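Below you'll find the structure, written out as structure tokens, and then a few comments.
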Amino acid sequence: MIKNIRPSVTLVGAGPGDPDLLTIKGAKALSEAQVVLYDALANEEILTYAPKKSIKIFVGKRKGCHAYTQEQINQLIVDNALTYGNVVRLKGGDPFIFGRGSEEIDFIESFGIPTAVIPGISSSIAVPAYQGISLTKRGVSESFWVITGTTSDRKLSKDVALASQSTATVVILMGMSKLAQIVDLFQKEHKGEMPIAIIQNGTTENEKVGVGTIDTIQEIVATQKLSSPAIIVIGEVVRESNKLKGFYEEFVAAEIKL
């Protein structure tokens, strides 16, 4: 153990994928890190802000492939802080939006280690914005839901059923494996014609977009081979996007031919 170290941990939101969307404060925190523990959804280009001599540990979790359990990650953060001093925990999006950031903070602080949180730009807002989708728009949508598609017990969140009954824009993260269930819930509310967009790898150079309606989106996903990580956006604001109007013009033209 290094002598006279002062352990501290800063949770930094890495943003939605585009490395340029990291905040200035987040970059400053990285520049002072002795150790960086980073997620699968944190763009590795962001690691260039950390000192070359700093230790960089990948602790990413993807469906069916976990480098570490959450409990192991918590312990790694504490062990590295006590051993090396200043640790940055780099998390995709914002640390407190389905990032388990509060759990990590609680565990770290139980050891008396000082913590700080630097918010990140959440993918739930930024990814739709990159496609010109305004989650709220006067006369169209007065509010929006942001829901996890898959809960800790691997089931679809019950909030999706409630959201399907509202007039709000609905943004679902981690919901691709539950798409059929999501579609079924909206169809039960007679919303088969509701616009929906699925955006894979949003804000990155590998971004892919599928646009349609609740009734057609599963076929579009299969045709375009869309998969996780992706964000699902449901609501009339999808049709309002100038950037996506071409998709809907093609869609309507195809329906007329049929």
Side-chain angles (χ1 to χ4, degrees), residues 12-27 38-49 60 62-63 90-99 118-149 163 168-177 179 182 194-214 216-217 220-221 223-251:
V12 175
D18 183 341
D20 289 343
L21 292 178
L22 176 71
T23 65
I24 294 172
K25 192 164 187 175
Y38 65 100
D39 279 347
L41 292 178
N43 193 316
E44 291 193 15
E45 289 183 38
I46 290 172
L47 296 177
T48 59
Y49 288 102
R62 285 275 175 87
K63 183 180 178 181
L90 187 64
K91 302 176 75 68
D94 179 89
F96 285 174
I97 305 296
F98 305 125
I118 298 175
I121 298 174
S122 174
S123 60
S124 61
I125 296 170
V127 169
Y130 260 49
Q131 296 302 321
I133 301 172
S134 175
L135 298 185
T136 61
K137 185 174 182 180
R138 187 165 58 177
V140 180
S141 176
E142 298 174 352
S143 59
F144 62 92
W145 295 61
V146 178
I147 309 172
T148 177
T169 304
V170 181
V171 181
I172 303 174
L173 283 64
M174 298 173 286
M176 288 298 285
S177 64
L179 183 60
I182 293 166
M194 179 69 72
I196 177 172
I198 292 181
I199 309 162
Q200 178 183 336
N201 295 316
T203 79
T204 74
E205 60 184 15
N206 300 318
E207 184 175 75
K208 293 174 67 177
V209 182
V211 177
T213 66
I214 289 293
T216 64
I217 195 61
I220 289 166
V221 165
T223 301
Q224 299 189 17
K225 299 180 180 178
L226 296 170
S227 61
S228 299
I231 287 179
I232 302 168
V233 186
I234 305 170
E236 289 299 332
V237 292
V238 175
R239 205 192 313 269
E240 294 287 318
S241 166
N242 285 326
K243 192 169 182 180
L244 298 180
K245 275 184 178 174
F247 285 97
Y248 277 102
E249 287 168 0
E250 291 175 14
F251 176 75

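Because the structure is predicted, anything quoted here is derived from the model rather than measured.
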For the residue pair [X] and [Y], what are the closest heavy atoms and their distance?
{"X": "Gln131", "Y": "Lys243", "value": "O-CB, 3.4 Å"}
{"X": "Pro128", "Y": "Ile199", "value": "CA-CD1, 4.2 Å"}
{"X": "Ile46", "Y": "Leu22", "value": "CG2-CD2, 3.7 Å"}
{"X": "Gly120", "Y": "Asp94", "value": "N-OD1, 3.0 Å"}
{"X": "Ala27", "Y": "Tyr49", "value": "CB-CD2, 3.7 Å"}
{"X": "Ile220", "Y": "Gly212", "value": "CD1-CA, 3.7 Å"}

Counting C-beta onward and ignoring hydrogens, is there a side-chain heavy-atom pair between [X] and [Y] closer than 4.5 Å?
{"X": "Ile147", "Y": "Val170", "answer": "yes"}
{"X": "Asn201", "Y": "Lys208", "answer": "no"}
{"X": "Leu173", "Y": "Thr148", "answer": "no"}

Once you round to the nearest 0.5 Å, how far does [atom1] of [X] lie from [atom2] of [Y]?
{"X": "Asn206", "Y": "Thr204", "atom1": "CG", "atom2": "OG1", "value": "4.5 Å"}
{"X": "Leu21", "Y": "Ser123", "atom1": "CG", "atom2": "OG", "value": "11.0 Å"}
{"X": "Ser124", "Y": "Phe98", "atom1": "OG", "atom2": "CZ", "value": "8.0 Å"}
{"X": "Ile97", "Y": "Lys91", "atom1": "CD1", "atom2": "NZ", "value": "12.0 Å"}

Exercise for the section: I would like to know whether Glu142 and Thr136 meet side-chain contact (heavy atoms from CB on, under 4.5 Å); could you show each step before the answer? Expected result: CA-CA 6 Å; Glu142 298 174 352; Thr136 61; over 6 Å; no
Practice task
Please list, chain by chain and in numerical order, all residues satisfying side-chain hydrogen bond (donor to acceptor under 3.5 Å, both in side chains) with Tyr130, sequence neighbours excluded.
Solution key: Asp18
Practice task
With side-chain contact (heavy atoms from CB on, under 4.5 Å) as the test, would you mind laying out the steps for Ile172 and Ile231 before giving the verdict?
Solution key: CA-CA 6 Å; Ile172 303 174; Ile231 287 179; over 6 Å; no
Practice task
Apply side-chain contact (heavy atoms from CB on, under 4.5 Å) to Val233 and Ile196, showing your working.
Solution key: CA-CA 6 Å; Val233 186; Ile196 177 172; over 6 Å; no
Practice task
With side-chain contact (heavy atoms from CB on, under 4.5 Å) as the test, would you mind laying out the steps for Leu47 and Tyr38 before giving the verdict?
Solution key: CA-CA 9 Å; Leu47 296 177; Tyr38 65 100; 3.7 Å; yes
Exercise for the section: Indicate whether the side chain of Ser141 and that of Thr169 have a donor and an acceptor atom separated by less than 3.5 Å. Expected result: yes
Exercise for the section: Examine the side chains of Gln200 and Gln224 and answer whether a donor and an acceptor come within less than 3.5 Å of each other. Expected result: no
Problem - Donor-acceptor under 3.5 Å (Thr216 side chain, Thr213 main chain) - result: yes
Problem - For Lys137, salt bridge (charged side-chain N to carboxylate O under 4.0 Å, His left out) partners two or more places apart - result: Glu240
Practice task
Determine the sole option in Val209, Ile234, Val221 for which the side chain to side chain contact (heavy atoms under 4.5 Å, CB included) test with Ile198 is passed.
Solution key: Val221
